[in-house]
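Notes follow once the structure below has been shown.
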Amino acid sequence: MINLIAAMFILLGLVFFTGGAVGIIRMPDFYSRLHPAGKLDTMGLLMSMIGIALYSVQGFSLGEVLTGLKIILIVVFVFITSPTATHAIVDAGVRAGLEPWTQQRRGEES
Amino acid sequence: MKLVALASALLCGTILLFGTAEFPDFGDPDSPAASHVSPRYIEEAMAETSAPNIVTAVLADYRGFDTLFETAVVFSAAMACFFLLRIFGEDERRPSEKLYRHLPTGITLRIDPGGKVPDSPEFERIDGIWIPHDVIVKTTTRLIIPFIQLFGLYVIAHGHHSPGGGFQGGVILGASVILYAISQNLRQALGRMGEAVSAVFCAAGVFIYAGAGALCLLMGANFLDYSGLAPLFGVDAIQARSLGILVVEIGVGLAVMSAMVWIYYNLASMGRHQEGL
(Lines give C-alpha, C1' and ligand atoms only; values in the text may rest on other atoms or scores of the structure.)
Protein backbone atom coordinates (compact mmCIF):
# COMPACT_ATOMS: atom_id res chain seq x y z
CA MET A 1 0.00 0.00 0.00
CA ILE A 2 2.72 2.46 1.01
CA ASN A 3 4.64 1.48 -2.12
CA LEU A 4 1.64 2.42 -4.23
CA ILE A 5 1.33 5.84 -2.57
CA ALA A 6 5.07 6.40 -2.99
CA ALA A 7 4.87 5.50 -6.68
CA MET A 8 1.94 7.90 -7.11
CA PHE A 9 3.93 10.72 -5.53
CA ILE A 10 7.00 10.01 -7.69
CA LEU A 11 4.85 9.90 -10.83
CA LEU A 12 3.24 13.20 -9.86
CA GLY A 13 6.71 14.65 -9.39
CA LEU A 14 7.70 13.41 -12.83
CA VAL A 15 4.64 15.16 -14.30
CA PHE A 16 5.86 18.42 -12.77
CA PHE A 17 9.40 17.80 -14.06
CA THR A 18 8.05 17.12 -17.55
CA GLY A 19 6.02 20.32 -17.42
CA GLY A 20 9.12 22.21 -16.39
CA ALA A 21 11.19 20.74 -19.23
CA VAL A 22 8.47 21.49 -21.81
CA GLY A 23 8.05 24.99 -20.39
CA ILE A 24 11.75 25.79 -20.71
CA ILE A 25 11.56 24.92 -24.40
CA ARG A 26 8.17 26.48 -25.18
CA MET A 27 8.30 29.74 -23.26
CA PRO A 28 9.21 32.78 -25.40
CA ASP A 29 11.97 34.56 -23.50
CA PHE A 30 14.51 34.47 -20.71
CA TYR A 31 12.30 35.60 -17.82
CA SER A 32 9.31 33.43 -18.65
CA ARG A 33 11.59 30.42 -19.15
CA LEU A 34 12.89 30.86 -15.62
CA HIS A 35 9.32 30.52 -14.40
CA PRO A 36 8.93 26.80 -15.21
CA ALA A 37 12.61 26.19 -14.50
CA GLY A 38 12.33 27.58 -10.98
CA LYS A 39 8.84 26.65 -9.90
CA LEU A 40 8.09 23.31 -11.50
CA ASP A 41 11.47 21.82 -10.63
CA THR A 42 10.97 22.78 -6.99
CA MET A 43 7.47 21.31 -6.96
CA GLY A 44 8.56 18.16 -8.80
CA LEU A 45 11.36 17.72 -6.33
CA LEU A 46 8.95 18.06 -3.40
CA MET A 47 6.63 15.40 -4.83
CA SER A 48 9.34 12.92 -5.81
CA MET A 49 11.21 13.36 -2.53
CA ILE A 50 8.00 12.75 -0.55
CA GLY A 51 7.57 9.61 -2.62
CA ILE A 52 11.12 8.44 -1.97
CA ALA A 53 10.83 9.28 1.74
CA LEU A 54 7.61 7.25 2.00
CA TYR A 55 9.29 4.38 0.16
CA SER A 56 12.23 4.42 2.57
CA VAL A 57 10.12 4.32 5.77
CA GLN A 58 8.63 0.90 5.12
CA GLY A 59 9.07 -0.56 8.60
CA PHE A 60 8.99 2.61 10.76
CA SER A 61 12.23 1.70 12.50
CA LEU A 62 14.40 4.53 13.82
CA GLY A 63 16.99 4.32 11.05
CA GLU A 64 14.37 4.37 8.33
CA VAL A 65 12.56 7.35 9.81
CA LEU A 66 15.89 9.18 10.05
CA THR A 67 16.56 8.42 6.38
CA GLY A 68 13.13 9.79 5.52
CA LEU A 69 13.79 12.95 7.51
CA LYS A 70 17.11 13.43 5.74
CA ILE A 71 15.33 13.16 2.39
CA ILE A 72 12.80 15.77 3.53
CA LEU A 73 15.76 17.95 4.55
CA ILE A 74 16.84 18.00 0.88
CA VAL A 75 13.43 19.51 0.05
CA VAL A 76 13.87 22.17 2.74
CA PHE A 77 17.24 23.24 1.35
CA VAL A 78 16.03 23.25 -2.25
CA PHE A 79 13.02 25.33 -1.20
CA ILE A 80 15.40 27.89 0.26
CA THR A 81 18.03 27.92 -2.47
CA SER A 82 16.07 27.43 -5.70
CA PRO A 83 13.98 30.64 -5.45
CA THR A 84 17.13 32.52 -4.46
CA ALA A 85 18.95 31.25 -7.53
CA THR A 86 16.01 32.23 -9.75
CA HIS A 87 15.93 35.64 -8.10
CA ALA A 88 19.64 36.16 -8.66
CA ILE A 89 19.41 35.15 -12.33
CA VAL A 90 16.42 37.46 -12.96
CA ASP A 91 18.18 40.29 -11.14
CA ALA A 92 21.28 39.79 -13.30
CA GLY A 93 19.09 39.81 -16.42
CA VAL A 94 17.35 43.05 -15.43
CA ARG A 95 20.61 44.78 -14.58
CA ALA A 96 22.15 43.63 -17.86
CA GLY A 97 19.29 45.44 -19.58
CA LEU A 98 17.39 42.53 -21.10
CA GLU A 99 13.88 43.63 -22.13
CA PRO A 100 11.00 41.33 -21.19
CA TRP A 101 9.07 39.77 -24.06
CA THR A 102 5.64 41.30 -24.72
CA GLN A 103 2.77 40.10 -26.88
CA GLN A 104 3.05 41.71 -30.29
CA ARG A 105 -0.13 42.47 -32.27
CA ARG A 106 -0.76 40.60 -35.46
CA GLY A 107 0.91 42.19 -38.49
CA GLU A 108 3.04 44.49 -36.40
CA GLU A 109 6.77 44.25 -36.85
CA SER A 110 8.96 44.46 -33.83
CA MET B 1 65.14 24.54 -31.12
CA LYS B 2 61.48 24.19 -31.97
CA LEU B 3 62.34 21.28 -34.25
CA VAL B 4 64.16 19.51 -31.45
CA ALA B 5 61.17 20.04 -29.16
CA LEU B 6 58.77 18.78 -31.83
CA ALA B 7 60.94 15.74 -32.53
CA SER B 8 61.22 14.84 -28.85
CA ALA B 9 57.49 15.32 -28.31
CA LEU B 10 56.70 13.13 -31.32
CA LEU B 11 59.18 10.49 -30.19
CA CYS B 12 57.74 10.46 -26.69
CA GLY B 13 54.18 10.27 -28.05
CA THR B 14 55.07 7.42 -30.38
CA ILE B 15 56.68 5.44 -27.58
CA LEU B 16 53.63 6.02 -25.36
CA LEU B 17 51.24 4.98 -28.14
CA PHE B 18 53.39 1.92 -28.79
CA GLY B 19 53.29 1.10 -25.10
CA THR B 20 49.49 1.20 -24.94
CA ALA B 21 49.35 -1.72 -27.35
CA GLU B 22 50.85 -3.88 -24.62
CA PHE B 23 48.11 -3.01 -22.13
CA PRO B 24 45.46 -5.59 -21.29
CA ASP B 25 42.06 -4.92 -22.85
CA PHE B 26 39.61 -2.73 -21.02
CA GLY B 27 37.71 -4.90 -18.54
CA ASP B 28 39.82 -7.95 -19.32
CA PRO B 29 39.13 -10.45 -16.49
CA ASP B 30 42.55 -12.12 -16.99
CA SER B 31 44.60 -8.95 -16.66
CA PRO B 32 47.02 -8.88 -13.71
CA ALA B 33 45.07 -6.10 -12.01
CA ALA B 34 41.79 -7.98 -12.16
CA SER B 35 43.19 -11.39 -11.28
CA HIS B 36 45.45 -10.55 -8.34
CA VAL B 37 45.01 -6.99 -7.08
CA SER B 38 41.27 -6.36 -7.16
CA PRO B 39 40.18 -9.62 -5.43
CA ARG B 40 42.73 -8.96 -2.70
CA TYR B 41 41.30 -5.48 -2.08
CA ILE B 42 37.70 -6.69 -2.19
CA GLU B 43 38.27 -9.63 0.13
CA GLU B 44 40.79 -8.21 2.59
CA ALA B 45 40.16 -4.45 2.75
CA MET B 46 37.61 -4.63 5.56
CA ALA B 47 39.68 -7.05 7.64
CA GLU B 48 42.96 -5.19 7.12
CA THR B 49 41.96 -1.55 7.40
CA SER B 50 38.59 -1.62 9.17
CA ALA B 51 37.19 0.73 6.53
CA PRO B 52 33.93 -0.61 5.02
CA ASN B 53 34.32 1.66 1.97
CA ILE B 54 36.86 -0.16 -0.19
CA VAL B 55 37.44 2.93 -2.33
CA THR B 56 38.66 4.87 0.69
CA ALA B 57 40.82 1.97 1.83
CA VAL B 58 42.47 1.68 -1.60
CA LEU B 59 42.81 5.42 -2.07
CA ALA B 60 44.25 6.41 1.28
CA ASP B 61 45.92 3.24 2.48
CA TYR B 62 46.92 0.74 -0.21
CA ARG B 63 47.70 3.45 -2.75
CA GLY B 64 48.68 6.17 -0.33
CA PHE B 65 51.63 7.32 -2.46
CA ASP B 66 49.31 8.00 -5.39
CA THR B 67 47.00 10.14 -3.28
CA LEU B 68 49.92 11.91 -1.60
CA PHE B 69 51.16 13.13 -4.95
CA GLU B 70 47.64 13.92 -6.11
CA THR B 71 47.43 16.26 -3.15
CA ALA B 72 50.81 17.67 -4.13
CA VAL B 73 49.41 18.25 -7.65
CA VAL B 74 46.49 20.22 -6.20
CA PHE B 75 48.96 22.23 -4.14
CA SER B 76 51.19 22.95 -7.12
CA ALA B 77 48.15 23.95 -9.22
CA ALA B 78 47.27 26.55 -6.60
CA MET B 79 50.91 27.68 -6.47
CA ALA B 80 51.04 27.94 -10.27
CA CYS B 81 47.89 30.09 -10.30
CA PHE B 82 49.46 32.30 -7.65
CA PHE B 83 52.74 32.74 -9.51
CA LEU B 84 51.09 33.31 -12.89
CA LEU B 85 48.28 35.64 -11.86
CA ARG B 86 49.13 37.45 -8.66
CA ILE B 87 50.10 41.10 -9.12
CA PHE B 88 51.14 43.11 -6.09
CA GLY B 89 50.68 46.85 -5.85
CA GLU B 90 48.55 49.30 -7.77
CA ASP B 91 47.66 49.03 -11.43
CA GLU B 92 49.46 51.89 -13.25
CA ARG B 93 47.34 51.68 -16.40
CA ARG B 94 44.06 51.69 -14.49
CA PRO B 95 44.56 53.54 -11.21
CA SER B 96 41.98 52.15 -8.86
CA GLU B 97 39.40 54.72 -7.94
CA LYS B 98 37.72 53.75 -4.70
CA LEU B 99 33.95 53.91 -4.39
CA TYR B 100 32.37 54.65 -1.03
CA ARG B 101 28.65 54.55 -0.36
CA HIS B 102 27.12 56.70 2.34
CA LEU B 103 24.72 54.29 3.97
CA PRO B 104 22.01 56.67 5.36
CA THR B 105 21.59 58.61 2.09
CA GLY B 106 22.70 56.10 -0.53
CA ILE B 107 25.05 58.60 -2.16
CA THR B 108 28.19 57.10 -3.67
CA LEU B 109 31.47 58.98 -3.51
CA ARG B 110 34.30 58.31 -5.94
CA ILE B 111 37.68 58.82 -4.36
CA ASP B 112 40.36 59.38 -6.97
CA PRO B 113 43.85 57.97 -6.37
CA GLY B 114 45.56 59.95 -3.66
CA GLY B 115 42.26 61.33 -2.37
CA LYS B 116 41.22 61.29 1.26
CA VAL B 117 39.34 58.16 2.21
CA PRO B 118 36.30 58.80 4.44
CA ASP B 119 36.88 57.28 7.85
CA SER B 120 33.42 56.76 9.27
CA PRO B 121 31.21 53.74 9.93
CA GLU B 122 28.52 55.41 7.82
CA PHE B 123 30.61 54.83 4.70
CA GLU B 124 30.89 51.41 3.13
CA ARG B 125 33.40 50.62 0.43
CA ILE B 126 31.69 49.07 -2.61
CA ASP B 127 32.83 47.47 -5.84
CA GLY B 128 32.54 48.93 -9.31
CA ILE B 129 30.00 46.21 -10.09
CA TRP B 130 27.94 46.81 -6.99
CA ILE B 131 24.56 45.08 -6.83
CA PRO B 132 21.85 47.17 -5.15
CA HIS B 133 19.19 44.62 -4.24
CA ASP B 134 21.15 41.65 -2.97
CA VAL B 135 19.54 41.31 0.46
CA ILE B 136 17.84 38.05 -0.54
CA VAL B 137 21.02 36.48 -1.87
CA LYS B 138 23.07 37.63 1.12
CA THR B 139 20.53 36.35 3.65
CA THR B 140 20.13 33.00 1.94
CA THR B 141 23.85 32.39 1.69
CA ARG B 142 24.25 33.42 5.32
CA LEU B 143 21.64 30.80 6.17
CA ILE B 144 23.00 28.07 3.96
CA ILE B 145 26.79 28.34 4.36
CA PRO B 146 26.95 26.74 7.85
CA PHE B 147 25.03 23.73 6.56
CA ILE B 148 27.33 23.45 3.54
CA GLN B 149 30.39 23.50 5.80
CA LEU B 150 28.83 20.99 8.18
CA PHE B 151 28.12 18.71 5.24
CA GLY B 152 31.69 19.15 4.00
CA LEU B 153 33.06 18.07 7.39
CA TYR B 154 30.66 15.12 7.38
CA VAL B 155 31.84 14.04 3.93
CA ILE B 156 35.48 14.16 5.09
CA ALA B 157 34.87 12.35 8.38
CA HIS B 158 32.43 9.79 6.98
CA GLY B 159 34.62 8.75 4.07
CA HIS B 160 35.25 5.38 5.72
CA HIS B 161 31.61 4.36 5.52
CA SER B 162 30.05 6.21 2.61
CA PRO B 163 31.15 7.79 -0.66
CA GLY B 164 33.29 10.80 0.11
CA GLY B 165 36.63 11.63 1.56
CA GLY B 166 39.14 14.43 1.61
CA PHE B 167 38.88 15.59 -1.99
CA GLN B 168 35.10 15.78 -2.11
CA GLY B 169 34.71 17.28 1.35
CA GLY B 170 37.48 19.77 0.65
CA VAL B 171 35.76 20.93 -2.51
CA ILE B 172 32.48 21.37 -0.62
CA LEU B 173 34.22 23.40 2.09
CA GLY B 174 36.00 25.48 -0.53
CA ALA B 175 32.71 26.05 -2.36
CA SER B 176 31.18 27.46 0.81
CA VAL B 177 33.94 30.07 1.07
CA ILE B 178 33.65 30.87 -2.65
CA LEU B 179 29.87 31.24 -2.22
CA TYR B 180 30.56 33.73 0.56
CA ALA B 181 32.94 35.65 -1.69
CA ILE B 182 30.39 35.73 -4.53
CA SER B 183 27.43 36.73 -2.39
CA GLN B 184 29.20 39.38 -0.28
CA ASN B 185 32.33 40.68 -1.97
CA LEU B 186 35.93 39.71 -2.35
CA ARG B 187 37.27 42.02 0.35
CA GLN B 188 34.99 40.58 3.03
CA ALA B 189 35.92 37.06 2.01
CA LEU B 190 39.59 38.00 2.16
CA GLY B 191 38.94 39.36 5.64
CA ARG B 192 37.44 36.04 6.70
CA MET B 193 39.98 33.79 5.03
CA GLY B 194 42.93 35.75 3.78
CA GLU B 195 45.48 34.87 1.18
CA ALA B 196 48.16 33.99 3.70
CA VAL B 197 45.74 31.71 5.56
CA SER B 198 44.79 29.84 2.43
CA ALA B 199 48.41 29.52 1.35
CA VAL B 200 49.48 28.20 4.75
CA PHE B 201 46.49 25.82 4.97
CA CYS B 202 47.22 24.53 1.47
CA ALA B 203 50.79 23.71 2.41
CA ALA B 204 49.70 22.40 5.82
CA GLY B 205 47.37 19.89 4.19
CA VAL B 206 50.19 18.38 2.16
CA PHE B 207 52.39 18.55 5.25
CA ILE B 208 49.85 16.62 7.36
CA TYR B 209 49.69 13.90 4.71
CA ALA B 210 53.44 13.61 4.21
CA GLY B 211 53.98 14.06 7.96
CA ALA B 212 51.69 11.12 8.72
CA GLY B 213 53.82 9.05 6.37
CA ALA B 214 57.06 10.26 7.94
CA LEU B 215 55.69 9.55 11.41
CA CYS B 216 55.15 5.95 10.32
CA LEU B 217 58.83 5.86 9.34
CA LEU B 218 59.80 7.22 12.77
CA MET B 219 57.69 4.56 14.47
CA GLY B 220 59.58 1.88 12.59
CA ALA B 221 57.09 0.98 9.86
CA ASN B 222 57.17 1.69 6.13
CA PHE B 223 56.29 5.13 4.74
CA LEU B 224 52.49 5.56 4.88
CA ASP B 225 52.02 2.20 6.62
CA TYR B 226 49.65 3.44 9.30
CA SER B 227 49.80 0.25 11.36
CA GLY B 228 53.05 1.66 12.76
CA LEU B 229 51.03 4.44 14.40
CA ALA B 230 49.24 1.96 16.69
CA PRO B 231 51.25 2.84 19.84
CA LEU B 232 50.53 6.55 19.31
CA PHE B 233 46.79 6.07 18.99
CA GLY B 234 46.70 3.39 21.66
CA VAL B 235 44.75 0.93 19.51
CA ASP B 236 45.56 -2.25 17.61
CA ALA B 237 47.20 -2.20 14.17
CA ILE B 238 43.97 -2.50 12.16
CA GLN B 239 42.22 0.33 13.99
CA ALA B 240 45.40 2.39 13.59
CA ARG B 241 45.18 1.97 9.82
CA SER B 242 41.58 3.20 9.94
CA LEU B 243 42.58 6.23 12.01
CA GLY B 244 45.58 6.87 9.77
CA ILE B 245 43.20 7.06 6.80
CA LEU B 246 41.21 9.71 8.68
CA VAL B 247 44.33 11.77 9.42
CA VAL B 248 45.32 11.64 5.78
CA GLU B 249 41.82 12.58 4.62
CA ILE B 250 41.87 15.62 6.89
CA GLY B 251 45.15 16.70 5.29
CA VAL B 252 43.71 16.22 1.81
CA GLY B 253 40.55 18.12 2.72
CA LEU B 254 42.52 21.05 4.11
CA ALA B 255 44.77 21.23 1.05
CA VAL B 256 41.91 20.97 -1.46
CA MET B 257 39.72 23.51 0.37
CA SER B 258 42.36 26.21 0.55
CA ALA B 259 43.61 25.47 -2.97
CA MET B 260 40.08 26.05 -4.33
CA VAL B 261 39.71 29.29 -2.40
CA TRP B 262 43.17 30.52 -3.31
CA ILE B 263 42.68 29.80 -7.03
CA TYR B 264 39.30 31.53 -6.89
CA TYR B 265 40.76 34.67 -5.30
CA ASN B 266 43.44 34.92 -7.99
CA LEU B 267 41.15 34.18 -10.92
CA ALA B 268 38.20 36.33 -9.82
CA SER B 269 40.22 39.47 -9.17
CA MET B 270 42.73 39.03 -12.03
CA GLY B 271 45.48 38.69 -9.47
CA ARG B 272 44.98 42.03 -7.75
CA HIS B 273 42.77 40.99 -4.84
CA GLN B 274 41.06 44.38 -4.84
CA GLU B 275 37.76 43.92 -6.61
CA GLY B 276 36.45 40.57 -7.61
CA LEU B 277 33.28 38.98 -8.82
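Letters go in sequence order (proteins before strands), and every chain restarts at 1. This one's a predicted model, so the numbers in the text were calculated from it and none came from an experiment.
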Checklist entry - So B:T105 and B:H102, side-chain hydrogen bond (donor to acceptor under 3.5 Å, both in side chains) or not? Walk me through it. => result CA-CA 6 Å; B:T105 56; B:H102 188 234; 2.7 Å; yes
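Without hydrogens or angle criteria, B:Y209 side chain to B:V247 main chain gives no donor-acceptor distance under 3.5 Å. Of the possible donor and acceptor atoms, one in the side chain of A:D29 sits under 3.5 Å from a partner among the backbone N and O of A:W101. Within the 3.5 Å criterion, the main-chain N or O of B:G271 finds a donor-acceptor partner in the side chain of B:R86.
Legend: residues meeting side chain to side chain contact (heavy atoms under 4.5 Å, CB included) with A:M27, ordered by chain and number and at least two apart, are A:S32, A:R33, A:P36. For B:Q188, the side-chain hydrogen bond (donor to acceptor under 3.5 Å, both in side chains) test picks out B:Y180, with sequence neighbours left out.
Using non-hydrogen atoms only and a strict 4.5 Å limit, no part of residues 150-175 of chain B faces chain A. Scanning residues 65-80 of chain A against chain B with a 4.5 Å heavy-atom cutoff picks out A:F77, A:I80, ordered by number.
Within a 6.0 Å radius of CZ in B:F147, other residues, nucleotides and ligands contribute 12 heavy atoms or fewer.
Residue B:Q239 holds its CD atom at 4.0 Å from OG of B:S50, rounded to the nearest 0.5 Å.
The ring of B:W262 has its center closer than 6.0 angstrom to the ring center of B:F82.
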